[in-house]
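Below: the structure, in structure tokens.
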Amino acid sequence: LALVQRAFITLMCFTLMFCIVSVTNVPPHSTIRPGSPVPVNTDNPGVRKAARFGVYRYNNSSNDLFLFKESQIKKAMIQIVRGLKYMLHVEIKRTVCEKRDHSSLLDSCPFQREKNLQRMLRCYFEVWITPWTHKVRIPVAHCH
């Protein structure tokens, strides 16, 4: 194993469309151990879906009249532990879509344009996905 110049994490894409892009260029004597969190590209489709799950959780627990939507994923880490655990730092913003008119968040919901209604929050989400059971848990969702 000491001769291995790269470490790859590969997983199949499941019906929930969670895919992990390989983690490359890990030095042969790296301190990264199996099961340790590793950085992952914020544009990864699995990261974007996990962020949306975090936003759903926020929207369902807030008393705001409007739905929020992720505006930027600042940092993403993934850990393989009985599934995929995403650790995400995400900025979310208030949209023009009112909760009473929309049962769920749509990509077509634009962000608020009216200055007095604009609001941005910084969130940390932990989203645990077990694709083979089709289960998603969000044990941590902190926004401020």
Side-chain angles (χ1 to χ4, degrees), residues 4-28 30-144:
V4 176
Q5 294 296 317
R6 296 175 185 228
F8 293 98
I9 297 174
T10 56
L11 295 175
M12 295 171 50
C13 296
F14 294 91
T15 55
L16 291 175
M17 290 304 297
F18 286 96
C19 308
I20 304 304
V21 177
S22 64
V23 178
T24 60
N25 298 324
V26 176
S30 171
T31 57
I32 294 175
R33 300 285 178 242
S36 295
V38 293
V40 64
N41 191 314
T42 56
D43 289 331
N44 177 288
V47 168
R48 289 196 311 268
K49 253 192 210 271
R52 180 58 58 97
F53 280 123
V55 173
Y56 277 129
R57 164 88 183 269
Y58 174 79
N59 283 331
N60 288 333
S61 64
S62 85
N63 291 325
D64 202 289
L65 295 175
F66 297 93
L67 292 169
F68 279 70
K69 180 169 74 172
E70 61 280 2
S71 61
Q72 185 177 16
I73 301 170
K74 303 292 268 180
K75 181 180 177 184
M77 305 262 305
I78 191 166
Q79 183 177 15
I80 300 174
V81 282
R82 288 192 203 146
L84 306 174
K85 180 181 177 185
Y86 291 89
M87 292 150 278
L88 309 171
H89 293 269
V90 182
E91 286 183 358
I92 65 173
K93 291 183 180 178
R94 185 183 278 152
T95 68
V96 298
C97 295
E98 293 187 34
K99 284 184 179 180
R100 67 177 179 197
D101 297 332
H102 297 84
S103 59
S104 65
L105 179 62
L106 305 170
D107 285 328
S108 60
C109 290
F111 294 115
Q112 279 289 346
R113 292 171 289 253
E114 291 186 41
K115 199 74 162 162
N116 62 330
L117 291 176
Q118 291 177 351
R119 185 162 182 217
M120 189 271 293
L121 299 170
R122 288 182 176 88
C123 300
Y124 173 73
F125 299 127
E126 288 185 6
V127 180
W128 201 333
I129 298 159
T130 50
W132 53 91
T133 63
H134 305 287
K135 290 187 180 178
V136 176
R137 285 188 352 173
I138 301 110
V140 179
H142 298 295
C143 295
H144 64 278

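Below, each value reflects all heavy atoms present in this structure, side chains not excepted, and no hydrogens, waters or symmetry copies.
Here CD of Gln79 is found 10.5 Å from CG of Leu84. Values are rounded to the nearest 0.5 Å. Interatomic distance, NZ of Lys49 versus CG of Asn44, reported as 11.5 Å (0.5 Å rounding). Atom-to-atom distance recorded for Leu88:CG and Arg52:CZ is 13.0 Å, nearest 0.5 angstrom. Going from atom SG of Cys143 over to atom CD1 of Ile92 covers 4.0 Å, rounded to the nearest 0.5 Å. We find the CZ-CZ distance between Arg48 and Phe53 to be 13.5 Å, quoted to the nearest 0.5 Å. Note that the CD atom of Glu70 and the OH atom of Tyr56 stand 9.0 Å from one another [nearest 0.5 Å].
Lys99 NZ: more than 12 foreign heavy atoms inside a 6.0 Å radius. Heavy atoms of other residues, nucleotides or ligands lying less than 6.0 angstrom from CG of Asn63 number 12 at most.
Classification of the Tyr58-Phe68 ring pair by plane angle, with boundaries at 30° and 60°, yields perpendicular.
Using a 4.5 Å heavy-atom threshold, the side chains of Phe111 and Lys69 count as touching. Side-chain contact between Arg82 and Thr133: absent, with no pair of heavy atoms (C-beta onward) separated by less than 4.5 Å. Contact check for Glu91 versus Lys74: side-chain heavy atoms found under the 4.5 Å cut-off. Side-chain contact between Arg119 and Asp64 is present, with at least one heavy-atom pair separated by less than 4.5 Å. Considering only heavy atoms from C-beta on, His89 stays 4.5 Å or farther from Arg122 through its side chain. Between Met77 and Lys85, the closest side-chain pair of non-hydrogen atoms is not below 4.5 Å.
Side chain of Arg94 to backbone of Phe66: no donor-acceptor contact under 3.5 angstrom is found. For the pair Thr42 (side chain) and Ala76 (backbone), a donor-acceptor distance under 3.5 Å is absent.
For Phe125, there are no ring pair (Phe, Tyr, Trp, His ring centres under 6.0 Å) partners at least two apart in sequence or on another chain. Taking the side-chain hydrogen bond (donor to acceptor under 3.5 Å, both in side chains) definition, one finds that Asn41 meets it with nothing, sequence neighbours left out.
Between Gln118 and Arg113, the shortest heavy-atom distance links the atoms NE2-O, 3.4 Å. Ala51 approaches Val90 most closely through the heavy-atom pair CB-CG2, 4.2 Å. The two residues Ala141 and Ile138 have their closest heavy-atom pair at CB-CG2, 4.1 Å.
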